[in-house]
Protein chains: 2
Amino acid sequence: MPQKSLAVSDFACSDCPIRHRAVCSRCESGEMEQLDAIKYYRRFEAGQAIVWAGDKMDFVASVVEGVAALTQTMEDGRRQMVGLLLPSDFLGRPNRESVTYDVTATTEVTLCCFRRVPFQGLIEATPHLSQRLLEMTLDELDAAREWMLLLGRKTAREKIASFLFIIARRDASLKNFGGLESLSFDLPLTREAMADYLGLTLETVSRQMSALRRDGVIELQGKRHILVPSVEALMDETGDDADGGVYS
Amino acid sequence: MPQKSLAVSDFACSDCPIRHRAVCSRCESGEMEQLDAIKYYRRFEAGQAIVWAGDKMDFVASVVEGVAALTQTMEDGRRQMVGLLLPSDFLGRPNRESVTYDVTATTEVTLCCFRRVPFQGLIEATPHLSQRLLEMTLDELDAAREWMLLLGRKTAREKIASFLFIIARRDASLKNFGGLESLSFDLPLTREAMADYLGLTLETVSRQMSALRRDGVIELQGKRHILVPSVEALMDETGDDADGGVYS
DNA sequence: GGATGTATTTGATCGAGATCAAAGCGACGG
DNA sequence: CCGTCGCTTTGATCTCGATCAAATACATCC
């Protein structure tokens with residue numbers, strides 16, 4: 001098997017349909033066996049809770065299929081999404097039992113779980129693994145920082161456009177698209193979940209979606225399917241620079 | 001010298017006044033020598049740029065003294081702070097040359113820099129180092145997620161109270177305070193920088209500071225020194241739960 | 001002391017997005 | 001086919017924080 005050029009998605013448990021990004025190409029096969037020994041699959045329905053804030057979590061996991069959301073909630077019910085996990089994303093902290101946010105299945109979700117304590121042992125025994133996790137966590141931190149700019153400074157219209165662009169980009173990269181002119185994809189979130197992602201109300205989300213449709217930036221097919229006739233026109237609405245953002 | 005119980009701040013370069021959190025207690029002295037061999041100090045004036053977004057960065061660093069801010073800027077000048085580095089915090093990505101945000105000295109800053117490429121080599125040779133960096137990065141990610149809740153869902157007053165609480169807590173932990181009733185500290189940021197931190201305008205920051213003073217939640221001594229007569233009263237204004245938040 | 005400049009406070013007004021309220025639209029089951 | 005339920009859209013109004021503008025505090029320099 002020829003070696004891929006990137007260290008992303010280049011390893012799989014023996015029977016996972018996706019390849020886990022957490023493990024790098026240089027790992028030896030023995031580690032794969034060790035991973036197989038401590039793993040199990042879990043399936044969640046759309047809307048089902050995976051863990052609650054404050055709960056103990058005795059596993060870490062890769063998302064195999066579906067979409068899961070991390071949300072923080074205030075006592076009075078105000079909610080903010082703080083993470084969105086797509087297939088191959090990693091969930092959990094090897095060294096910490098509890099978690100500070102709710103994790104919910106947004107669509108039907110399959111997780112490939114690894115028992116936390118043995119996984120931690122595997123990390124200690126396998127330098128490449130913690131280096132790879134460090135890389136992934138730093139990428140997630142960069143994404144969180146872009147998200148903070150969106151939450152703190154962008155207008156509602158820019159937030160919606162940015163969100164559509166982010167989803168389109170992640171969707172496209174999963175399908176191995178390049179820099180296409182037009183793009184079409186399904187929204188993995190309800191209007192309410194989009195609102196929680198963007199720090200808006202669902203009414204504002206709906207209104208701005210309508211506005212972008214009216215202005216020809218997007219077309220809606222049903223409630224959830226989006227068609228972007230010009231990716232560039234969408235980009236222009238995000239408030240971001242035209243360059244940057246090649247990486248997730 | 002007796003060994004401390006926590007793996008935080010328990011290592012120092014031979015002549016750094018602070019102990020770098022990035023290196024753990026189990027490291028052997030040979031690694032300290034290796035660190036010493038690739039390090040150098042840099043000093044920055046208040047307001048001075050450390051790196052610009054898009055620049056190549058040939059080092060990673062620990063903050064030894066002072067405060068540095070990470071900010072993202074939009075073309076039209078809107079700015080959002082996305083990170084605030086205090087002494088012992090880590091800056092940079094071992095495996096990436098470029099950086100996606102501006103780094104600016106907020107006060108006078110001293111960095112203990114390590115040349116990036118040799119540091120990366122050291123990581124590969126030293127498993128504990130990447131595990132420690134992973135822990136620190138995950139902590140930073142958790143902090144970023146709380147920050148996202150603040151930016152997306154909190155009111156201006158809650159944002160200010162949360163900010164004061166965060167600074168007070170970090171300041172107190174540096175001084176090894178416990179759970180004190182009252183607290184006093186200096187703000188490391190101007191009103192404008194606070195606004196960039198909180199996703200507000202400087203006028204709103206000023207107004208809400210005045211409102212908290214009027215309501216007896218804080219006292220101002222000069223523009224920058226804050227006295228909190230009741231930490232609990234301040235907590236009540238943040239919108240957060242009374243528990244959680246023992247960690248930074 | 002007076003002049004200059006920067007950080008901050010305070011005031012008046014405006015507007016984007018929240019809130020409250022009511023339809024519209026499918027999907028599903030009877 | 002109709003009724004129900006959840007999701008979404010649209011409308012009317014209100015409010016919090018932004019914006020525009022001016023005054024005040026406090027350095028530093030002459």
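By convention in this document, chain letters (A, B, ...) are assigned in the order of the sequence lines, proteins followed by strands, and residues within each chain are numbered from 1. Keep in mind it's a predicted model, so treat the numbers as computed, not measured.
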Under 4.0 Å between a Lys/Arg side-chain N and an Asp/Glu carboxylate O for [X] and [Y]?
X: B/R170; Y: B/D89; answer: yes
X: A/K159; Y: A/E237; answer: no
X: B/R96; Y: A/D142; answer: yes

Under 4.0 Å between a side-chain N or O of [X] and OP1 or OP2 of [N]?
X: B/R213; N: C/dT10; result: yes
X: A/T201; N: C/dG17; result: no
X: A/S206; N: D/dT8; result: no

Separation of atom [atom1] in [X] from atom [atom2] in [N], rounded to whole Å:
X: B/L151; N: C/dG17; atom1: CG; atom2: P; result: 16 Å
X: A/L212; N: D/dT9; atom1: CG; atom2: C1'; result: 15 Å
X: B/D196; N: C/dA7; atom1: CG; atom2: P; result: 13 Å
X: B/K223; N: C/dT10; atom1: NZ; atom2: C1'; result: 11 Å
X: A/M194; N: D/dT8; atom1: CE; atom2: P; result: 9 Å
X: A/L202; N: C/dT19; atom1: CG; atom2: C1'; result: 11 Å
X: B/L189; N: C/dT8; atom1: CG; atom2: P; result: 10 Å
X: A/D76; N: C/dT19; atom1: CG; atom2: P; result: 10 Å

Whichever of B/M209 and A/T155 has its nearest DNA chain C nucleotide further upstream toward 5':
B/M209
If you pin A/T204 and B/L220 to their nearest nucleotides in DNA chain C, which one's is more 5'?
B/L220
Ignoring hydrogens and angles, tell me if any N or O in the side chain of B/T104 forms a donor-acceptor pair with the backbone of B/T106 under 3.5 Å.
no
Short question: side chain of B/R153, backbone of A/R79 - any donor-acceptor pair under 3.5 Å?
yes
Hey, which sits more toward the 5' end of DNA chain D by its nearest nucleotide, A/R153 or A/E192?
A/E192
Do B/Q208 and B/L200 have side chains that approach each other closer than 4.5 Å (heavy atoms only, starting at C-beta)?
no
Show me the protein contacts with nucleotides 12-14 of chain D, counting only N or O atoms at under 3.5 Å.
| unit_1 | atom_1 | unit_2 | atom_2 | d |
| --- | --- | --- | --- | --- |
| D/dA12 | N6 | A/R207 | NH2 | 3.4 |

With B/S162, the side-chain hydrogen bond (donor to acceptor under 3.5 Å, both in side chains) member among B/R157, B/K154, B/E146
B/K154
Check step by step if salt bridge (Lys or Arg N to Asp or Glu O under 4.0 Å) holds for B/D139 and A/R93.
CA-CA 10 Å; B/D139 284 341; A/R93 290 190 61 154; 3.1 Å; yes
Under 3.5 Å donor-acceptor pair, B/Q208 side-chain atoms to D/dC16 base atoms
no
For atom CD of B/E232, decide whether the heavy atoms of other residues, nucleotides or ligands shown that lie under 6.0 angstrom number more than 12.
no
Given the side-chain rings of A/F163 and A/Y197, with only the six-membered ring counted for Trp, is the space between their centroids under 6.0 Å?
yes
Within the structure shown, what part of the strands sits under 4.0 Å from [X] by heavy-atom distance: base, sugar-phosphate, or nothing?
X: B/T190; result: sugar-phosphate
X: B/S210; result: sugar-phosphate
X: A/L200; result: sugar-phosphate
X: B/G47; result: nothing
X: B/R224; result: sugar-phosphate

The side chain of B/E203 lies closest to which of these nucleotides: D/dC20, C/dT9, D/dG17?
D/dC20
Take A/R43 and A/E108 through the side-chain contact (heavy atoms from CB on, under 4.5 Å) test and state the conclusion after the steps.
CA-CA 7 Å; A/R43 202 161 181 78; A/E108 197 173 354; 3.1 Å; yes
Which angle, rounded to 10°, do you find between the first-five-pair axis and the last-five-pair axis of the helix from C/dG1-D/dC30 to C/dG30-D/dC1?
30°
